Amino acid sequence: MTPSPEEFASSVLDWFDQHGRHDLPWQRDPTPYRVWVSEIMLQQTQVSVVIPYFERFMASFPTLADLAAAELDAVLAHWSGLGYYARGRNLHRAAVLIRERHGGVFPEDFAAVESLPGIGRSTAGAILSLACGQRHPILDGNVKRVLARVFGVDGWPGQRAVLAELWRLAECCTPQTRAGSYNQGMMDLGATLCTRTRPDCARCPLAGRCVAQRQGRQRELPAPRPRQELPTRATTLLAIFNPAGEILLERRPPSGIWGGLWSLPETGVPASDSASIADWCQDRFGFRPERVERLAERRHTFSHYHLRIELARIALSAYPARVQDGLGYRWSAPQTIDDLGLPAPIARILVDLSL
DNA sequence: AAGCCGGGGCG
DNA sequence: CGCCCAGGCTT
């Protein structure tokens, strides 16, 4: 039969003590700041990928005060390649807010933590349980999977009623003591044994008491999101080089795709239409390229659409007066692009172009 | 090629 | 309040 909340929690805790992960970088010296940064990174990326990012981030911004004092661009540069750049921006904004609201000390009040940008109920619970020993439930993807399987929760967790049931279970299973170890154990269980495909039920502490395992429904729980056909959108990016061989970068608007990041100038004009590209350059930058060379197109897939990227290369024989560093534009040598926060597809294009 | 993911923002 | 959005990685 399914375990009682107390049996469930003690099984998870016993398993965690013997088989959980105890040597992750943020578990050494688990301050609220370090746990916070790790949790934000882990929202979008798996542990093995996060570790080098976390180490680099902590080397550059060892304390909350360092993060709050840092330039946003420096923070985004450390986020480059992780994706979800809004999270890097929220991290920086929250650090500034903590300096203003809480004298630079990470708050330990749940409502205060949850009100910070980029921190919701689950992340607030994770920080305060792992770093401060408080009792709060968490509900990340790993925990959702474990609970849905053990207690046989049907339906897609994106549905309101399903999510509410999972939170109810998360709340009632969280033990009165050692909530942080329990939460870490739940995440470890979901990440190492109770994986999405091919769960290792033979080693699971809940074996025999898990609805999904007893009914052979591990593959069906939790139910996947109903899927929809993705539309394809097209855009054209311009690789414009000055006589020194530097490439022109443009800062994107703060919201939307690649918000606030440096990218290549974007136009709606098809790359094959070199006359219109030249007109567009004249209009936007005040120079008229002699030659527009179309390059191979690229594809990039987001969660909700495919992006077809057309690419055109333009080499200028003189420096255009209207394009100067600052004001959302900059000329960059290929070897300096590592210092900027560039979306991964753009970084790939620049690497290809510099070969 | 498709699925995944906690929280923000908007209507 | 409910729906849509974000991006790189794993499978």
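As the structure is a prediction and not an experimental result, all values here were calculated from the model. Values reported hereafter were calculated over all heavy atoms of this structure, with side chains retained and with hydrogens, waters and symmetry mates removed. First the proteins, then the strands, lettered A, B, ... as listed; each starts at 1.
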Listing time: all N or O pairs from protein to nucleotides 9-11 of chain C that are below 3.5 Å?
none

Checklist entry - Just by distance, do the side chain of Thr174(A) and the backbone of Ala170(A) share a donor-acceptor pair under 3.5 Å? => result yes
Item to check | Arg209(A) side chain vs Pro205(A) backbone, donor-acceptor pair below 3.5 Å | outcome: yes
Checklist entry - Between dG8(C) and Tyr85(A), is there an OP1 or OP2 to side-chain N/O distance shorter than 4.0 Å? => result yes
Checklist entry - Considering only side-chain heavy atoms of Trp258(A), which listed nucleotide, dG7(B), dC4(B), dG7(C), is closest? => result dG7(C)
Next on the checklist: Using modelled atom types and a 3.5 Å cut-off, is there a donor and acceptor pairing between side-chain atoms of Arg34(A) and backbone atoms of Arg28(A)?
Outcome noted: yes
Item to check | Shortest side-chain distance from Arg93(A), nucleotide among dG7(B), dG9(B), dG7(C) | outcome: dG9(B)
Next on the checklist: Parallel, tilted or perpendicular: which one describes the rings of Phe8(A) and Phe151(A), with boundaries at 30° and 60°?
Outcome noted: tilted
Checklist entry - Can you tell which of dG2(C), dG8(C), dG7(C) lies closest to the side chain of Arg160(A)? => result dG2(C)
Item to check | Stretch residues 178-193 of chain A: residues that reach within less than 4.0 Å of DNA chain B through a heavy atom | outcome: none
Next on the checklist: So which atom in Thr31(A) and which in Ala131(A) form the shortest heavy-atom distance, rounded to 0.1 Å?
Outcome noted: C-CB, 3.8 Å
Next on the checklist: Using 30° and 60° as the class boundaries, would you call the ring planes of His22(A) and Phe16(A) parallel, tilted or perpendicular?
Outcome noted: tilted
Next on the checklist: What contact category does Ile119(A) fall into here, base, sugar-phosphate, or nothing, at under 4.0 angstrom with non-hydrogen atoms?
Outcome noted: sugar-phosphate
